[in-house]
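Report on one structure; see the data block that follows.
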Protein chains: 4
Amino acid sequence: MFKGSLLEAMVAHASENKKPTDKQQKILESAIRIFAEKGYTNTSTSEIAKAAGVAEGTIFRKYGTKDNLLLSVIVPFLKDLFPAIAEGVFNEVMTKDILSFEDFLRAFLKNRIDFFNENKEIFQIVVKEMLYNTELRNEMLPFFLENVSPRIAKIINVFKERGELADFPTRTIQKMVFTFIGGYFVSNFVLLPENGTDSVDKEIENIIRFVMNGVGTGKKPH
Amino acid sequence: MFKGSLLEAMVAHASENKKPTDKQQKILESAIRIFAEKGYTNTSTSEIAKAAGVAEGTIFRKYGTKDNLLLSVIVPFLKDLFPAIAEGVFNEVMTKDILSFEDFLRAFLKNRIDFFNENKEIFQIVVKEMLYNTELRNEMLPFFLENVSPRIAKIINVFKERGELADFPTRTIQKMVFTFIGGYFVSNFVLLPENGTDSVDKEIENIIRFVMNGVGTGKKPH
Amino acid sequence: MFKGSLLEAMVAHASENKKPTDKQQKILESAIRIFAEKGYTNTSTSEIAKAAGVAEGTIFRKYGTKDNLLLSVIVPFLKDLFPAIAEGVFNEVMTKDILSFEDFLRAFLKNRIDFFNENKEIFQIVVKEMLYNTELRNEMLPFFLENVSPRIAKIINVFKERGELADFPTRTIQKMVFTFIGGYFVSNFVLLPENGTDSVDKEIENIIRFVMNGVGTGKKPH
Amino acid sequence: MFKGSLLEAMVAHASENKKPTDKQQKILESAIRIFAEKGYTNTSTSEIAKAAGVAEGTIFRKYGTKDNLLLSVIVPFLKDLFPAIAEGVFNEVMTKDILSFEDFLRAFLKNRIDFFNENKEIFQIVVKEMLYNTELRNEMLPFFLENVSPRIAKIINVFKERGELADFPTRTIQKMVFTFIGGYFVSNFVLLPENGTDSVDKEIENIIRFVMNGVGTGKKPH
DNA sequence: CATGAATGAGATTTCATTCAT
DNA sequence: GATGAATGAAATCTCATTCAT
């Protein structure tokens with residue numbers, strides 16, 4: 001299952017302009033909801049059709065295959081997710097009076113948390129399939145590493161030179177920060193999505209404090 | 001799929017002492033390998049049978065259902081994973097001359113990294129299924145939260161009182177540390193399992209440094 | 001599939017005089033081309049619609065059913081094919097100074113080869129469907145045997161009486177000659193349609209020579 | 001449909017030795033009967049299953065795909081059909097005191113008519129699919145032209161040198177004789193299979209007489 | 001008139017599970 | 001105990017046909 005290129009799908013998707021009909025919208029919504037809950041493989045097209053109130057054939061008329069339905073769900077999301085593609089995010093984040101690494105983190109986290117809150121279910125689908133689906137993982141990971149990773153490295157270097165970040169290897173800093181922020185996103189939006197974060201702003205400050213200073217006091221036991 | 005209680009399975013498993021026959025061993029090994037690679041749902045019993053060199057019927061003779069085969073794979077792992085169950089880990093970790101939180105972290109990470117390295121594939125299965133399989137997730141999460149979480153909290157409180165950990169709410173510290181360490185385990189053992197960590201000991205020191213001090217220098221931009 | 005009478009269709013068709021619209025023409029052309037290549041059953045109406053540049057509904061608005069589209073393709077052809085219906089051929093062939101059986105064969109072959117060359121694709125469709133489609137075969141074969149066969153017999157008898165044809169049973173002569181000429185048409189127009197016959201006239205002479213004299217020399221080995 | 005090589009299938013088939021079970025035998029028999037009557041595409045696997053008295057899944061357990069079921073039907077037949085592969089036929093036909101071309105024809109026709117009578121339905125399937133299925137045709141035709149055709153040419157040359165065959169180009173003789181004999185087989189075994197040939201031996205003599213001498217008397221009209 | 005979205009019956013295929021040998 | 005043939009329910013997919021716009 002899932003033969004073929006994610007990239008191709010993303011390019012192909014760009015050229016689709018037609019407005020979806022009511023039923024098509026319903027299909028997408030149902031697919032997103034059920035894929036998010038049970039995972040792609042555990043969801044049958046008949047289940048989606050029933051939930052969307054359409055005939056099963058209608059799904060295949062529009063999307064051709066179940067695989068392609070999945071792509072139709074995640075491709076628009078991925079195009080926004082990877083800042084390297086949707087050129088906007090980093091520019092937006094970096095241009096606005098970013099004076100410190102903390103400011104950058106704050107802007108970045110705000111931006112992505114808002115995005116994931118708006119697309120919580122698709123994010124769940126993507127995370128689940130990235131772990132579950134070998135082919136999809138093999139397409140998405142290099143994509144991320146090649147396009148997003150270098151941009152982050154550049155930003156880290158800027159702040160290292162300003163003396164705001166410790167003099168560890170850039171790769172190490174990046175790995176630590178990403179592991180933590182990635183883990184935060186996954187645990188908050190996928191694993192425990194119902195735990196309403198008390199206050200997003202307060203949560204963001206917690207994250208920043210942890211990333212910058214850790215949880216220690218600097219005191220060693222005597 | 002996956003009807004029934006994980007707990008029951010764990011209890012039931014405790015009473016099973018019979019050594020697995022040769023064929024059973026082969027079946028388990030093949031199941032673990034293929035489940036880990038492609039996920040439970042994407043793996044057919046006939047594929048496992050072929051890989052194990054047994055007849056398909058043999059799997060069902062031994063394990064009854066495919067679901068039960070999955071349980072037979074993950075239950076022994078879970079019993080070791082949750083220190084609350086296999087009483088050993090924390091005792092072992094805490095008794096040996098633990099003088100500081102860093103020492104505790106070091107011992108804990110070493111212990112779990114060794115365990116996951118030895119059981120990498122089963123860990124992959126558990127993580128994937130925990131995300132993918134609604135029923136399994138709903139059984140495992142409370143289990144974890146009720147049994148493991150309070151013990152961690154106790155330990156954090158000890159070191160907070162000793163002044164080694166910042167005076168944040170225990171829940172916050174726990175969440176941050178667990179999010180990071182969990183993220184680390186998942187990204188190293190599931191997402192990018194082939195990235196051989198240069199040196200485990202060096203990696204552990206990096207983790208400790210990040211958890212304790214973050215990546216900042218304390219300097220603010222003027 | 002294909003319920004209903006070929007004859008009815010042929011009669012019904014006689015009364016249709018309306019010129020096909022542009023779209024109808026396009027649909028017919030595409031249907032002929034694709035039916036000829038892949039066979040009726042292996043061709044979907046959506047494929048035809050796409051090739052014709054019309055909406056799928058348009059085909060059904062014009063032709064009602066896919067079966068009827070097939071009939072619309074082959075009925076006009078059949079009306080020309082069976083001389084008993086399109087009264088022209090035999091008259092034309094027989095009246096023009098036909099002095100010998102060879103002359104008759106020559107005129108007949110020229111006439112039909114020209115016709116099949118002009119309608120190669122429809123001939124392919126008819127042959128394929130006659131073999132493939134039980135109902136169509138059961139309608140066409142008796143039709144041929146009742147209407148065409150007796151006329152041929154009559155002609156053969158004429159030339160037998162003139163002493164040009166061997167004194168075999170008329171049925172035998174007819175079967176031999178028809179098997180050969182039918183085989184020739186099928187192998188040249190259906191099986192190997194791209195083999196451009198070097199020269200039609202030369203080919204015709206070869207056929208006549210074979211039909212009249214075979215390939216032997218009359219010498220028996222001693 | 002029908003992707004993949006006929007040759008591969010023929011080679012693969014050679015290594016299959018296991019005896020078919022009762023149900024498998026029933027499946028093959030039903031498939032042969034219904035494919036022969038209605039053609040491959042017009043036959044559904046559920047129809048075959050019903051006719052064979054098995055569950056539909058049983059067909060796919062053994063044959064994997066409907067395509068492969070077709071191959072399982074025709075491959076053994078083709079291996080006997082092409083004398084170049086089943087080395088026997090020509091040797092058998094040529095060694096037995098063949099004194100004349102007529103003798104050769106007689107032996108050859110007897111041999112093939114017996115074979116087709118025993119495998120009438122599979123022959124029908126092969127002929128129908130060869131016309132209907134582009135892929136299959138493109139695999140079978142070159143196969144025939146390369147392996148069978150040259151052997152026939154050699155035999156024709158032998159008898160041309162002995163003066164038994166007319167001094168026409170070998171290719172022309174071959175084409176005429178094959179068109180006729182092929183047409184004879186198709187019309188007797190596929191098109192009109194119920195027409196019991198009065199007497200095979202008498203029929204063979206008719207064919208030989210036609211091939212050698214045609215239907216003419218040599219007399220030209222004055 | 002033409003369109004193309006929608007349908008639903010039916011086709012192929014998969015696969016966990018059973019059971020006679 | 002082990003086998004693997006057989007099952008049948010359910011999954012994905014196809015496609016001729018209808019019908020509102």
Side-chain angles (χ1 to χ4, degrees), chain A residues 1 18-24 26-27 41-49 52-69, chain B residues 1 21-24 27 41-50 53-69, chain C residues 1 21-24 27 41-50 53-69, chain D residues 1 18-24 26-27 41-49 52-69:
Chain A
M1 60 151 222
K18 287 179 210 156
K19 274 184 197 166
T21 63
D22 255 22
K23 303 229 167 192
Q24 278 163 28
K26 280 276 183 67
I27 291 169
T41 320
N42 292 327
T43 303
S44 75
T45 50
S46 91
E47 200 177 354
I48 295 170
V54 304
E56 214 172 335
T58 308
I59 294 178
F60 289 94
R61 182 180 198 281
K62 177 64 184 173
Y63 300 99
T65 64
K66 192 188 166 194
D67 257 21
N68 195 47
L69 174 59
Chain B
M1 60 150 231
T21 63
D22 205 39
K23 301 228 166 193
Q24 268 183 52
I27 292 170
T41 322
N42 292 327
T43 303
S44 72
T45 49
S46 87
E47 200 176 352
I48 296 169
K50 204 173 290 168
V54 303
E56 236 183 309
T58 307
I59 292 180
F60 289 89
R61 162 157 275 282
K62 299 276 185 217
Y63 298 97
T65 66
K66 192 188 170 195
D67 258 19
N68 194 48
L69 174 59
Chain C
M1 60 154 238
T21 64
D22 204 38
K23 301 226 167 196
Q24 269 181 53
I27 291 168
T41 320
N42 292 326
T43 302
S44 73
T45 50
S46 87
E47 200 177 353
I48 295 170
K50 204 171 292 170
V54 304
E56 234 183 311
T58 307
I59 292 179
F60 289 90
R61 162 156 274 283
K62 299 276 184 218
Y63 298 97
T65 65
K66 191 187 169 194
D67 259 19
N68 194 47
L69 173 59
Chain D
M1 63 150 225
K18 288 179 212 156
K19 273 183 195 167
T21 63
D22 254 23
K23 303 230 165 189
Q24 280 163 26
K26 279 277 182 67
I27 290 169
T41 320
N42 292 327
T43 302
S44 75
T45 49
S46 90
E47 200 176 353
I48 296 170
V54 303
E56 216 173 334
T58 307
I59 294 178
F60 289 92
R61 179 177 203 283
K62 176 66 184 172
Y63 300 100
T65 65
K66 193 187 167 196
D67 257 22
N68 195 49
L69 174 59

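All figures in this text were calculated on a predicted structure; none of them were measured in a lab. To find a chain, count down the sequence lines: A is the first, B the second, and so on, and within it residues start at 1.
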Under 4.0 Å between a side-chain N/O of [X] and OP1 or OP2 of [N], yes or no?
X       : N     : answer
D:Lys62 : F:dA6 : no
B:Lys23 : F:dT3 : yes
B:Arg61 : F:dA2 : no

Under 3.5 Å, N/O pairs linking protein and nucleotides 9-11 of chain F:
none

*Drop me the distance from A:Arg61's CZ to A:Gln24's CD, to the nearest 0.5 angstrom.*
8.5 Å
*Which is true for B:Lys50 with a 4.0 Å heavy-atom rule: it touches a base, it touches only sugar-phosphate, or it touches nothing?*
nothing
_Mind checking if D:Thr21 touches a base, just sugar-phosphate, or nothing, with heavy atoms under 4.0 Å?_
sugar-phosphate
Could you tell me the separation between the [atom1] atom of [X] and the [atom2] atom of [N], rounded to a whole number of Å?
X       : N      : atom1 : atom2 : answer
B:Tyr63 : F:dG1  : OH    : C1'   : 15 Å
C:Ile27 : E:dC1  : CD1   : P     : 13 Å
D:Ile48 : E:dG10 : CD1   : C1'   : 15 Å
A:Gln24 : E:dG4  : CD    : C1'   : 11 Å
D:Asn42 : F:dA16 : CG    : C1'   : 14 Å
B:Ile59 : E:dC19 : CD1   : P     : 18 Å

*Nearest-nucleotide wise, let me know which of D:Phe60 and A:Val54 is further upstream toward the 5' end of DNA chain E.*
A:Val54
*Side-chain donor/acceptor of C:Lys66 to backbone N/O of C:Thr43, under 3.5 Å*: yes
Contact summary for [X] and [Y], nearest pair of heavy atoms:
X       : Y       : result
C:Asn42 : C:Glu47 : O-OE1, 4.2 Å
A:Gly53 : A:Lys23 : O-NZ, 4.0 Å
D:Tyr63 : D:Asn68 : O-ND2, 2.9 Å

*State whether the number of non-hydrogen atoms from other residues, nucleotides or ligands found under 6.0 Å of B:Lys62 atom NZ is greater than 12.*
yes
*Report yes if the side chains of D:Ile48 and D:Leu69 come closer than 4.5 Å at any heavy-atom pair, otherwise no.*
yes
*If you pin B:Thr58 and D:Ala55 to their nearest nucleotides in DNA chain F, which one's is more 5'?*
B:Thr58
_Let's test this: given Watson-Crick or G-U wobble pairing with both distances under 3.5 Å, identify the partner of E:dA20._
F:dT3
